[in-house]
Novice: 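First, the structure itself, so that you have it in front of you.
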Number of protein chains: 2
Amino acid sequence: MKKGSTEPTLLALNIDRLMRRIHAELQPRAADFDHHQVGPLGGMLLLTIGERGSVDIQSVVAALGRDKSQISRLIQRFERKGLLTRETSPTDGRVSLLSLTKSGRDQVESIKDVLTVIVDGLFNGLSRDEKAMFAAILERVLMEDER
Amino acid sequence: MKKGSTEPTLLALNIDRLMRRIHAELQPRAADFDHHQVGPLGGMLLLTIGERGSVDIQSVVAALGRDKSQISRLIQRFERKGLLTRETSPTDGRVSLLSLTKSGRDQVESIKDVLTVIVDGLFNGLSRDEKAMFAAILERVLMEDER
DNA sequence: TATTGTTATACTCTATAACTATA
DNA sequence: TATAGTTATAGAGTATAACAATA
């Protein structure tokens, strides 16, 4: 396989470009699946909560890499929209635990369906092994950086 | 090597997370290198112009995957700041050709220095081959999608 | 004292559409 | 008629700091 340039600046630009490709394909289809006007970040927030069942806000904030104030406001908006509920943790009164409602889970499913088509399309030219390798390296970089 | 999950939704979330890690490390150091207050997108714009020498706006817009109106305004701001110049193409009066000034090139160098440290740090745990493979797959995905 | 989450604020980024000018 | 780039505008995303409540 031809080797790619590991020049760090180009690598950073290319990671951004890939993310933008995904957004650029999601955007025009928003009317079809974004029934609650959650937006791109909101979608990722719901996806992240859905992945984990019942989570505290701090974990979601860490997973998304955004500021807690930003996530806090999104959560309030989504609570008002009936996409999620929260309850105070029984063991720590400072902590709110989030769960998706039926409506929230439905929204997550619509997003996943569209995202699957888009991502599969983008990675179409890769073999199964190459996809697995790319995904594995990505996971390792993220995990190692967490420590 | 352990295989990564190729579940498309997780892949998309992870690509976003990686981009956010880079931004999160750049942000607090902005005062040290962002002397002209160009911001993250502005930095990528300058990097993209620097990569190519003399470019028309449309190429830059395509490379960054943003809307042309957004890039148009940034370019005007940077022209006023003396970071770049533009001249009308001799062969097509509609086209503006962009070039960095000395000040713009210096700004690009500062950004590259910081970005190199951050990206190298993130990919630290990978072997040279793994880095090259990751970069190559990324380039292929972006290229194949262009057609 | 430290941590969880909220509020306020200022700024940057994004999408859309309507526009001017050149081709 | 089509393309390159601009302007206007509304909305979404971001960082920071100061804050209240709980630990």
Side-chain angles (χ1 to χ4, degrees), chain A residues 16-17 19-31 34 36-46 48-49 55-81 84 86-98, chain B residues 16-17 19-31 34 36-46 49 54-81 84 86-98:
Chain A
D16 179 76
R17 290 181 76 182
M19 197 64 230
R20 290 297 307 167
R21 298 282 174 99
I22 297 175
H23 278 305
E25 295 203 48
L26 277 170
Q27 183 57 32
R29 308 190 209 185
D34 189 4
H36 302 277
Q37 319 224 75
V38 300
L41 177 60
M44 291 196 292
L45 169 57
L46 293 177
T48 303
I49 299 172
V55 245
D56 61 296
I57 295 178
Q58 189 181 238
S59 306
V60 172
V61 163
L64 292 171
R66 267 75 178 180
D67 192 85
K68 58 184 178 172
S69 69
Q70 189 179 359
I71 302 301
S72 174
R73 258 168 298 123
L74 261 185
I75 287 171
Q76 289 171 64
R77 209 174 101 207
F78 289 177
E79 194 181 16
R80 265 182 259 120
K81 289 190 190 225
L84 54 83
R86 65 170 128 192
E87 47 183 334
T88 304
S89 162
T91 58
D92 186 336
R94 295 169 302 182
V95 173
S96 283
L97 294 173
L98 308 172
Chain B
D16 178 78
R17 289 181 77 184
M19 198 63 228
R20 290 298 308 169
R21 298 283 174 100
I22 297 174
H23 278 305
E25 295 203 46
L26 275 170
Q27 184 57 33
R29 308 191 208 184
D34 190 3
H36 302 277
Q37 318 225 72
V38 299
L41 176 61
M44 290 196 292
L45 169 59
L46 293 178
I49 299 172
S54 175
V55 246
D56 61 295
I57 295 178
Q58 188 181 240
S59 306
V60 172
V61 163
L64 292 171
R66 266 76 178 182
D67 191 85
K68 57 184 177 172
S69 68
Q70 189 179 359
I71 303 301
S72 173
R73 259 168 298 120
L74 262 185
I75 287 171
Q76 288 172 65
R77 210 173 99 207
F78 289 176
E79 194 181 16
R80 266 181 259 120
K81 290 189 190 226
L84 55 82
R86 65 170 127 194
E87 47 183 333
T88 303
S89 160
T91 58
D92 186 337
R94 294 170 301 181
V95 173
S96 283
L97 294 172
L98 308 173

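Since this is a predicted model, take the numbers as computed values, not measurements. Below, chains carry the letters A, B, ... as their sequence lines are ordered, and counting in each starts from 1. Below, each value reflects all heavy atoms present in this structure, side chains not excepted, and no hydrogens, waters or symmetry copies.
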Novice: Give a yes/no answer on whether the side chain of A:Arg86 brings an N or O atom under 4.0 Å of OP1 or OP2 in C:dT6.
Specialist: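 Yes.
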Novice: Does the distance from a Lys or Arg side-chain N to an Asp or Glu carboxylate O, for B:Arg66 and A:Asp16, drop under 4.0 Å?
Specialist: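 Salt bridge flag = yes for A:Asp16 with B:Arg66.
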Novice: Looking at B:Ser69 and C:dT14, is any side-chain donor or acceptor paired with a base atom of the opposite kind under 3.5 Å?
Specialist: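 A donor-acceptor contact between them is absent.
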Novice: Quick one: does A:Arg66 reach the base of D:dT14 with a side-chain donor-acceptor pair under 3.5 Å?
Specialist: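 No such pair is found, so the answer is no.
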Novice: Is it the case that C:dT7 (base atoms only) and A:Ser72 (side chain only) share a donor and an acceptor within less than 3.5 Å, ignoring hydrogens and angles?
Specialist: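 No, the side chain and the base share no sub-3.5 Å donor-acceptor pair.
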Novice: Could you state the NZ-P distance from A:Lys68 to D:dA20, rounded to the nearest angstrom?
Specialist: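 Nearest whole value for this atom pair: 14 Å.
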Novice: CG of A:Leu74 versus P of C:dG5: gap in Å, rounded?
Specialist: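 In whole Å, C:dG5 P and A:Leu74 CG are 15 Å from each other.
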Novice: Please compare A:Arg73 and A:His23 by the position of their nearest nucleotide in DNA chain C and report the one closer to 5'.
Specialist: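 Between the two, 5'-proximity favours A:Arg73.
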Novice: What's the CD-P distance between A:Gln27 and D:dG13, to the nearest Å?
Specialist: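 After rounding, the gap between these two atoms is 10 Å.
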Novice: In whole angstroms, how far is the P atom of C:dT14 from the CD1 atom of A:Ile22?
Specialist: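 Atom CD1 in A:Ile22 sits about 15 Å away from atom P in C:dT14.
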Novice: For a 4.5 angstrom cut-off between non-hydrogen side-chain atoms, does A:Leu64 reach A:Gln70?
Specialist: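 A:Leu64 vs A:Gln70: side chains apart.
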Novice: From the set C:dA15, D:dA23, C:dT9, return the single nucleotide nearest to any side-chain atom of A:Asp92.
Specialist: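 Closest nucleotide among those given: D:dA23.
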Novice: Take the protein atom CG of B:Leu97 and the nucleotide atom P of D:dA4, then report the distance between them rounded to whole Å.
Specialist: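 Roughly 13 Å, once rounded to whole Å.
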Novice: Taking the side chain as everything from C-beta on, heavy atoms only, tell me whether A:Arg77 gets closer than 4.5 Å to A:His36.
Specialist: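 Contact flag for A:Arg77/A:His36 side chains = no.
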Novice: Can you tell me if the side-chain N/O atoms of A:Gln70 get under 4.0 Å from OP1 or OP2 in D:dT16?
Specialist: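 Looking at the OP1 and OP2 atoms of D:dT16, neither is under 4.0 Å from any side-chain N or O of A:Gln70.
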Novice: Measure the distance from CE on B:Met19 to P on D:dT14 and round it to the nearest whole Å.
Specialist: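 Checked: the CE to P distance equals 12 Å.
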Novice: At under 4.0 Å, does any side-chain N or O of A:Arg20 touch on OP1 or OP2 of C:dA15?
Specialist: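 Checking A:Arg20 against C:dA15: at least one side-chain N or O falls below 4.0 Å of OP1 or OP2.
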Novice: Within less than 4.0 Å of OP1 or OP2 of C:dT4, is there a side-chain N or O belonging to A:Gln58?
Specialist: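 For A:Gln58, the contact criterion (side-chain N or O under 4.0 Å from OP1 or OP2 of C:dT4) is met.
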Novice: Can you name the closest pair of heavy atoms from B:Ser89 and B:Asp92 and give their distance?
Specialist: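 Taking every non-hydrogen atom into account, OG-N, 3.2 Å.
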Novice: Is any side-chain heavy atom of B:Gln58 closer than 4.5 Å to a side-chain heavy atom of B:Lys68?
Specialist: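 B:Gln58 does not reach B:Lys68 side chain to side chain.
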Novice: For the pair made of CG in A:Asp16 and P in C:dT12, what is the distance, rounded to whole Å?
Specialist: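 After rounding, the gap between these two atoms is 18 Å.
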Novice: What is the distance from CD of A:Gln37 to P of D:dA10, rounded to the nearest Å?
Specialist: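 Rounded to the whole Å, the gap is 16 Å.
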Novice: Side chain of B:Asp67 only, please: which of C:dT4, C:dA15, D:dT16 is the nearest?
Specialist: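 That would be C:dA15.
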Novice: From the options C:dT16, D:dG5, C:dA2, select the nucleotide whose nearest atom is closest to the side chain of A:Arg94.
Specialist: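 In terms of side-chain proximity for A:Arg94, the closest of C:dT16, D:dG5, C:dA2 is C:dA2.
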Novice: Select from B:Thr91 and A:Gln76 the residue whose nearest nucleotide in DNA chain C is closer to the 5' end of that strand.
Specialist: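 Nearer the 5' end of the strand: A:Gln76.
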